[in-house]
Amino acid sequence: MKFSALLLATIANGFPLRNPLEQSILDLHLEGSDFLLDLEEHLSHDSIKELPNPRTLLKAKYDLLPEVDTDALQALINEKGLKDRAEKLFSIAEQSIPEYGHPTRVIKSSGHWGTIQYIATELRKLGGYYTVKTQKFKALDSKVNSYSLLIDGVQPKSVKPLSLTPPTKDTKPVHGNLVLAKNFGCSLEDYPANLTAGNIVLVPRGECSFGDKSANSGIAGAVGVIIYDKDDLHGTLGEPTGKEVAAVSIVEAEAKPFVEKLTKDPSYKFETTLYVDSYVKYVPTLNVVAETVFGDHDNVVALGAHSDSVTEGPGINDDGSGSISLLEVAKYLAKFKVNNAVRFAWWAAEEEGLLGSTFYADSLTPEENSKVRLFMDYDMMASPNYEYQVYEANNKDHPNGSGDLKDLYVDWYKSKGLNYTFVPFDGRSDYVGFIDNGIPAGGIATGAEGIKTKEGVEKFGGVAGEQFDQCYHELCDDLSNPDYEAWVINTQLIAHSVAVFAKSFDGFPERDLTKINSINKGFQYRGSFAVY
Ligand SMILES: *[C@@H]1O[C@H](CO)[C@@H](O)[C@H](O)[C@H]1NC(C)=O
Ligand SMILES: *[C@@H]1O[C@H](CO)[C@@H](O)[C@H](O)[C@H]1NC(C)=O
Ligand SMILES: *[C@@H]1O[C@H](CO)[C@@H](O)[C@H](O)[C@H]1NC(C)=O
Ligand SMILES: [Zn+2]
């Protein structure tokens, strides 16, 4: 695809004239809007590439700015700023309609390239306050076109493919007998060699990752694997090793008769046919990272949101909201002097399994890593049936400082007379790569597919028995989805978190450099997917 024409169209369609009162805002917008990020160049480049800055912020001019102050920064956050950007982002998502039939900002779509372009352009309008870089990486692109399963002549109703499943051999149906793996299928010895080869494995969820079960089945010569669990699985195989075989899940109730029979008589023959038509391939995409030119670069305040959406919709709440909150805070921070450098990141391919943030955190050299004092994750700031959720991180199971960050959020909600609730710090967003690399992290959210309880309604209002976001990962995550009250509040809290640490890390734990690698690989989720 030729990116340039597409992106020219992005710019030409952007920034519509509204009324004269907005003229000054328009002027601000037009400044730098002649800029086009040359995506082809950035994608052909090795990993990190710095954008040329339209101008350099002179130290003398910077020195005239007031020192960052949390109240002053929070006071600049306003609903109109968020709303205007949401409208812009939705129009960018609509650029995907010719290819996808609906608005989306999924990686490799015009809507996602347009999002990257928009973020870079907006940052360049800030008078040279930030150094802006892109980071190229290869993301997994995958799709299941169709699938089917027949066991002993019966089609289980609950059958679902796992994310990142390879197709069945030659993308044709495969046939074999159903074979029960021993235990949880986490060891090669759990796959009886004389029974497994050429057949289809049935194995329960648990003990190890779905990817391990699929790869073990493949190594044992199976042509497919069925994983069963109490409820529907929303699982992923994770990064392919090449050993995996096609994997689907069914619920325990449907697996039970076969499990019982095969437990008694392992060589009993249930004829099974599995068909998965899918692909898993790598496509290049970009993270965008912007760091204040000034401030102490040895003590960096890092925060991030994800620039991509799922295929199904435009992702205005998930995570247009966080992406936009970061742009607004970045814009207003540029009116202040900072003591510590602030690094804003917009990760790509979060929806494919936290790929951009993980690639970034893994790619830091030990020296670069040691300078990142903490990472703050802002994903889904404006769910319509929201709760004020704080990730339940702590200083013992997570890098020291994660608990202090949690306290900062709690203290702020308390100071505003707002309720908050803790939610599991279990791997559902982009903090995973940072925690796994020893960097303290945490964040806030407003809820995804979870259901609001009666107690939740007492604390936050809204509707009991409904999802926090009924449009989570759906087409309707559009301009009518976000709740602006929650969004403004949370953007003020983001501003607070930035201002506090940009001013000082006094009292915040030093980095423990003995634990730079692999402090915790135990997250159950990889973004929206379960991994084991
Ligand atoms: C497979 O091998 C096991 C011993 O390893 C044996 O007990 C079993 O009978 C064999 N099954 C078949 C179908 O050959
Ligand atoms: C906080 O929750 C309590 C119930 O636990 C409720 O009575 C109170 O009104 C809530 N406060 C706000 C600001 O919603
Ligand atoms: C975290 O760091 C603080 C000092 O900043 C220290 O007092 C505390 O013991 C550390 N906690 C852990 C669990 O290492
Ligand atoms: Zn998200």
Side-chain angles (χ1 to χ4, degrees), residues 105-107 112 115 304-326 346-357 373-374 377-383 386-389 391 393-407 410 412-421 423 427-432 438 440 443-450 452-462 464 468-469 471-474 477 481-482 485-486 489 504-515 519-520 525-529:
R105 298 184 302 104
V106 69
I107 54 159
H112 189 240
T115 302
H306 66 87
S307 62
D308 61 313
S309 74
V310 291
T311 307
E312 287 75 10
I316 296 302
N317 183 32
D318 185 10
D319 183 23
S321 61
S323 292
I324 287 170
S325 294
L326 259 60
W346 288 265
W347 313 119
E350 190 269 359
E351 299 293 3
E352 277 63 35
L354 316 178
L355 302 181
S357 56
R373 293 294 298 274
L374 84 172
D377 185 63
Y378 297 119
D379 190 0
M380 301 186 71
M381 297 293 104
S383 299
Y386 65 86
E387 292 186 341
Y388 292 123
Q389 303 181 338
Y391 292 131
N394 65 68
N395 285 343
K396 209 168 94 318
D397 305 315
H398 311 114
N400 200 358
S402 305
D404 298 63
L405 175 60
K406 179 189 72 180
D407 292 343
V410 165
W412 189 88
Y413 284 124
K414 279 186 182 164
S415 77
K416 302 281 169 192
L418 296 167
N419 289 316
Y420 60 90
T421 184
V423 291
R428 289 206 45 178
S429 193
D430 286 311
Y431 48 79
V432 169
I444 55 170
T446 52
E449 81 287 6
K452 193 174 249 181
T453 59
K454 240 179 71 209
E455 296 74 53
V457 173
E458 279 160 24
K459 287 173 85 171
F460 304 101
F468 299 119
D469 183 352
C471 291
Y472 173 67
H473 286 186
E474 306 272 353
D477 186 6
N481 198 34
E485 187 176 324
I489 292 281
S504 168
F505 277 114
D506 281 357
F508 193 83
E510 295 289 334
R511 286 289 312 281
D512 179 353
L513 301 181
T514 62
K515 291 184 180 158
I519 189 164
N520 177 342
Y525 288 90
R526 197 93 194 152
S528 63
F529 302 106

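Every number for a ligand or one of its atoms is a count from 1 in the order of the listing.
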Look up atom [atom1] in [X] and atom [atom2] in [Y], then write down how far apart they are to the nearest 0.5 Å.
X      : Y      : atom1 : atom2 : value
Ile489 : Met381 : CD1   : CE    : 13.0 Å
Thr446 : Phe460 : OG1   : CZ    : 10.5 Å
Asp377 : Ser357 : CG    : OG    : 7.5 Å

Minimal non-hydrogen separation, Ala464 against Val457, with atom names: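 For Ala464 and Val457, the tightest heavy-atom pair comes out as N-CG2, 3.3 Å.
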Query raised in the report: Minimum heavy-atom separation for Val432 to Gly427, with atom names?
Result: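 Looking at all heavy atoms of both residues, the shortest contact is CG2-CA, 3.4 Å.
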* To do: Might you list the protein residues in contact with ligand 3, defined as having a heavy atom under 4.0 Å from one of its atoms, sorted by chain and number?
  =>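 Correct list: Asn395, Asn400, Pro509.
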| Any Lys/Arg nitrogen of Glu449 or Arg428 sitting under 4.0 Å from an Asp/Glu carboxylate oxygen of the other? | yes
Is it the case that [X] and [Y] place a side-chain donor and acceptor less than 3.5 Å from each other?
X      : Y      : result
Glu351 : His473 : yes
Asn317 : Asp477 : no
Ser307 : His112 : yes

Check the angle between the aromatic planes of Tyr420 and Tyr413 and answer parallel, tilted or perpendicular using the 30° and 60° thresholds.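 The arrangement is parallel - the two ring planes meet at less than 30°.
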The protein N, O or S atoms lying under 2.8 Å from the Zn ion (ligand 4) are His306 NE2, Asp318 OD1, Asp379 OD1, Asp379 OD2
One finds that the ligand 2 atoms under 4.0 Å from a non-hydrogen atom of Gly417 are 13 (C)
